[in-house]
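A short worksheet on the structure shown next.
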Amino acid sequence: MACCLVSRSCANTTTPPGGGPKDTIPPVIVKVTPEANALNFPLVGGKVALTFDEYTVIKTATDILLSPPSQKKPIAKVKGKNIVVTMQDTLMPDRTYTIDFGQALADNNEGNPAPRYVYTFSTGNEIDSMYITGRVIECQSLKPVPKVLVAAYHDKPDSACFNSFPDAATRTDDWGFFSMRNIKPVEYRIIAFTDEDGDSKYNPDADQVAFLDGTFKPQAVVNDTIYELQGYDMKDTAKCEARVPMMELSYFKELQSVQYLQNSGRISEKFGFLKFSAGNVDIRKMDFYGIDSSEVLVQYNPARDSLNFWITSKYHLEDSVLLNVTYMKTDSTGVLVETDEMVSMGMPTDSVLLKNIKDHEKDTTFKFRLTTTNETVEQNGIVLECDTPIRDIVLDSLKFIETNPKNQTFERKLIFKKDTTDIRRFILLPEDKLTIGYTYNLTIPQGAFINIYDLPNAQETAKIELPNDENLSSISLDVKGVDTRYIVELVSDKKDKVYRTFTVDCDTVLHCPYLQKENYSIRVTQDSNRNGIFDMGNLLERRQPEKVAIFKFEDGKDVIELPERTDLDQEIFIKNLFK
């Protein structure tokens, strides 16, 4: 007797057999239903099917973008060799729409990404045909910003991006480049933002933003031969960089414009802070109950969005200190009005903080921090930082001793400077040029500084020796055409590390000695408000972040490969960087 065994299984209609050489060819669209540029597309329940030459998957569904966006996003599903997109929301009549598939699709076998494809259709009798292109870059590093939403608004105020869907939208690719196609020939406001929650609306608390000054009216017509509208492999550097944008948007984290007292507290018995929601706070008056104003020291941070205060009275303070602060606060209509607020600040309750306070109550001296580096001491000096403001200084007691290779010692002079941005910070600069191979010792004896609580400093010392490596190099920057204040930085080629920082107000030569063999770039920031820091922008106030430029050398590159034992002299015509 013969027995026959039959095995039943379900055929896999989406996965081809394995084996064979590795597939490196991306999937190719062989059919689109309805055809591209379809007219009278249904307002409800419309579908679009892309048929590929191989099995294709949806790698990143969030990359698929309908423009103009709608409340309910389209749903994309895999059906055999088809990707089917179904509209979930009612579309607007007589509108041109695009579905940008971005980098959402890839073949099922090896994950080769499908070329970027944008499908166009209209719910009316005609297709809008204009387009714009651009690039979004990070405001300080100037690096491209990928995957941000670029939104266009017609006949709407800047505030529309907070609560309205854009009239057209697209996303930047890996190179920060975007193309917004099949739009009307009308004036648009262009705003780009992170869109962290994916609702196509700008949330200043979560998103970063970039915007175009004024409006932009597209003049160019969509054509399949236009280089900037093609889909490219994001790894093809030459082709991606060859695209020419019509605009460049600077991407930043917005400065808060609504002003209010955000936080307050005491760090110790006589040291506290106020934190405000926005910069450049306008405080008209501060009254501590039971404390004379002459016994209060106040220091703002450079952005003027917070301040520290010290109470110098010698008597013990209550557990709770009352402060009445009068400042310009934003009211419900968005207008700054003079406002009185009563603030009650108790002693800290954190156990570690309380222990530190009790430990310091027994102190007979205070300590400060001395920081310097051998490579930058000639430029930046020795920085002295205290936890509390200083009342008296005996400069003659500071000793700066030079020791030569023969072990002979000489006393040298120091230039003493107070930091204009921090009353607890001082800078000590050698008056004479330092010598390589010599040793320099700074001694600050006990009692050279007396703080506001009548405590003397504990003795501190620092040792300095200039780098003595024959392989080190240097760069000298001859800065010309200075018409305002600029911040000039020598940075790494990736712009993520700062080696030297200078602030310039006039034509000058900047010296950067003792540099390792490395790749460097030169970054220049236009410090228009002269506060010494980089300032972000504000969308509603139409204020862009401060301008930043990376200097390009004669070879057109923004990186200099500095060899060993090389002294490089470089001219920089600073005004030319910001044309």
- Item | Side chains of I137 and Y251 in contact at under 4.5 Å (non-hydrogen atoms) | no
- Task: Specify whether Y520 and Y499 have parallel, tilted or perpendicular ring planes, treating 30° as the upper limit for parallel and 60° as the lower limit for perpendicular.
- Result: perpendicular
- Message: Between R523 and E489, does any side-chain N to carboxylate O distance fall below 4.0 Å?
- Response: yes
- Check: N108/E54 side-chain N/O donor and acceptor closer than 3.5 Å: no
- Heavy-atom closest pair, residues K495 and V559: NZ-CG2, 4.4 Å
- Item | Side chain D527, main chain Y486, donor-acceptor under 3.5 Å | no
- Query: Is the number of heavy atoms from other residues, nucleotides or ligands under 6.0 Å of K275 NZ greater than 12?
  - Reply: yes
- Message: If you compare all heavy atoms of P218 against all heavy atoms of M130, which two are closest, and at what distance to 0.1 Å?
- Response: O-CE, 3.6 Å
- Would you confirm whether D236, through its side chain, and C240, through its main-chain N or O, come within 3.5 Å as a donor-acceptor pair? no
- Message: Tell me if a side-chain donor or acceptor on S277 pairs with a main-chain N or O of Y260 at a distance below 3.5 Å.
- Response: yes
- Quick one: are V209 and I191 in side-chain contact, heavy atoms under 4.5 Å? yes
- Message: Less than 6.0 angstrom separating the ring centers of Y232 and Y227, yes or no?
- Response: yes
- Would D422 and Q299 count as a side-chain contact (heavy atoms from CB on, under 4.5 Å) if you check the C-alpha gap in whole Å, the side-chain angles of each, and the deciding distance to 0.1 Å? CA-CA 7 Å; D422 191 335; Q299 176 183 283; 3.1 Å; yes
- Please lay out, stage by stage, how Y119 and T98 fare under the test side-chain contact (heavy atoms from CB on, under 4.5 Å). CA-CA 5 Å; Y119 175 79; T98 61; over 6 Å; no
- Message: Is there a side-chain contact between D100 and S67 in this structure, where contact means two heavy atoms from C-beta onward sitting under 4.5 Å apart?
- Response: no
- Message: Using 0.5 Å steps for rounding, measure from the OG1 atom of T90 to the CG atom of L43.
- Response: 7.5 Å
- Query: So do C139 and M536 actually touch side chain to side chain, heavy atoms under 4.5 Å?
  - Reply: yes
- Query: Given D195 and K201, is the salt bridge (Lys or Arg N to Asp or Glu O under 4.0 Å) satisfied, shown in steps?
  - Reply: CA-CA 7 Å; D195 195 27; K201 296 174 184 177; over 6 Å; no
- Query: Are N82 and T51 close enough, and set up right, to give a side chain to side chain donor-acceptor pair (under 3.5 Å), and what steps lead you there?
  - Reply: CA-CA 4 Å; N82 298 319; T51 304; 2.6 Å; yes
- Task: Kindly give the heavy-atom pair with the smallest separation between P27 and P115, and that separation in Å.
- Result: O-CD, 3.7 Å
- For the side chain of N203 and the backbone of D207, is there at least one donor-acceptor N/O pair under 3.5 Å apart? no
- Message: Is any side-chain heavy atom of L274 closer than 4.5 Å to one of L261?
- Response: yes
- Item | Greater than 12 external heavy atoms within 6.0 Å of E341's CD | yes
- Query: Nearest 0.5 Å, what's the CG-OG distance between L65 and S200?
  - Reply: 6.5 Å
- Message: Could you check whether any side-chain N or O of R266 sits under 3.5 Å from a backbone N or O of M345, counting only pairs where one atom can act as donor and the other as acceptor?
- Response: yes
- Item | Over all atoms of both residues, closest heavy-atom pair of Q259 and T330 | N-OG1, 2.8 Å
- Query: Below 4.0 angstrom, N of the basic side chain to O of the carboxylate: do D173 and R171 qualify?
  - Reply: no
- Separation between CZ of R243 and CZ of R135, rounded to the nearest 0.5 Å: 7.5 Å
- Would you mind listing every side chain to side chain donor-acceptor pair (under 3.5 Å) that reaches into residues 541-555, with sequence neighbours excluded? D158-R542, D213-Q544, E541-R543
- Item | Shortest non-hydrogen separation from T96 to E126 and the atoms involved | OG1-O, 3.7 Å
- Message: To check you understand the geometry: which heavy-atom pair defines the closest contact between P42 and L91, and what is its length?
- Response: O-CD1, 3.8 Å
- Measure the spacing between CD of E110 and CD1 of I25 and express it to the nearest 0.5 Å. 11.5 Å
- Query: Do the ring planes of F553 and F551 sit parallel (below 30°), tilted (30 to 60°) or perpendicular (above 60°)?
  - Reply: perpendicular
- Query: Do I183 and I132 come close enough that some side-chain heavy atom pair is under 4.5 Å?
  - Reply: yes
- Query: Could you give the distance from CD (E518) to CG (L490), rounded to the nearest 0.5 Å?
  - Reply: 10.0 Å
- Item | Sequence neighbours excluded, every pair satisfying ring pair (Phe, Tyr, Trp, His ring centres under 6.0 Å) that has a member inside residues 156-208 | F162-Y202, F193-Y202
- Message: Tell me every residue that passes side-chain hydrogen bond (donor to acceptor under 3.5 Å, both in side chains) with N40, counting only those two or more places apart in sequence or in another chain.
- Response: N125
- Task: Apply the side-chain hydrogen bond (donor to acceptor under 3.5 Å, both in side chains) test between D535 and each candidate in N280, N529, T525; give the one that qualifies.
- Result: N529
- Query: Is there a side-chain contact (heavy atoms from CB on, under 4.5 Å) between V48 and I99 once you walk through the steps?
  - Reply: CA-CA 9 Å; V48 177; I99 303 175; 4.1 Å; yes
- With a 4.5 Å limit on heavy-atom distance, are the side chains of L249 and I190 in contact? yes
- Query: Can we call the ring centroids of F252 and F534 under 6.0 Å apart?
  - Reply: no
- Query: Around K253, counting heavy atoms of other residues, nucleotides and ligands shown, do more than 12 lie under 6.0 Å from its NZ?
  - Reply: yes
- Hey, what do you get for OG1 (T133) to CE (M247), rounding to the nearest 0.5 Å? 7.0 Å
- salt bridge (Lys or Arg N to Asp or Glu O under 4.0 Å) filter on R95, not counting sequence neighbours, yields none
- Query: Taking 4.0 angstrom as the limit, do D89 and K73 come out as a salt bridge?
  - Reply: no
- Task: Begin with the C-alpha distance, continue with both residues' side-chain angles, and end with the deciding distance and a verdict on side-chain contact (heavy atoms from CB on, under 4.5 Å) for T503 and R485.
- Result: CA-CA 7 Å; T503 300; R485 176 172 287 185; 3.5 Å; yes
Show me the side-chain donor-acceptor pairs of residues 143-151 shorter than 3.5 Å, one per line, residues at least two apart or across chains.
residue, atom, partner, partner atom, Å
K143, NZ, K494, O, 2.9

- Please examine the side chains of Y117 and L50, heavy atoms only from C-beta on, and report whether any two atoms are closer than 4.5 Å. yes
- Flag, side chain of H154 to backbone of E187, donor-acceptor distance under 3.5 Å: yes
- Item | For N182, side-chain hydrogen bond (donor to acceptor under 3.5 Å, both in side chains) partners two or more places apart | T120
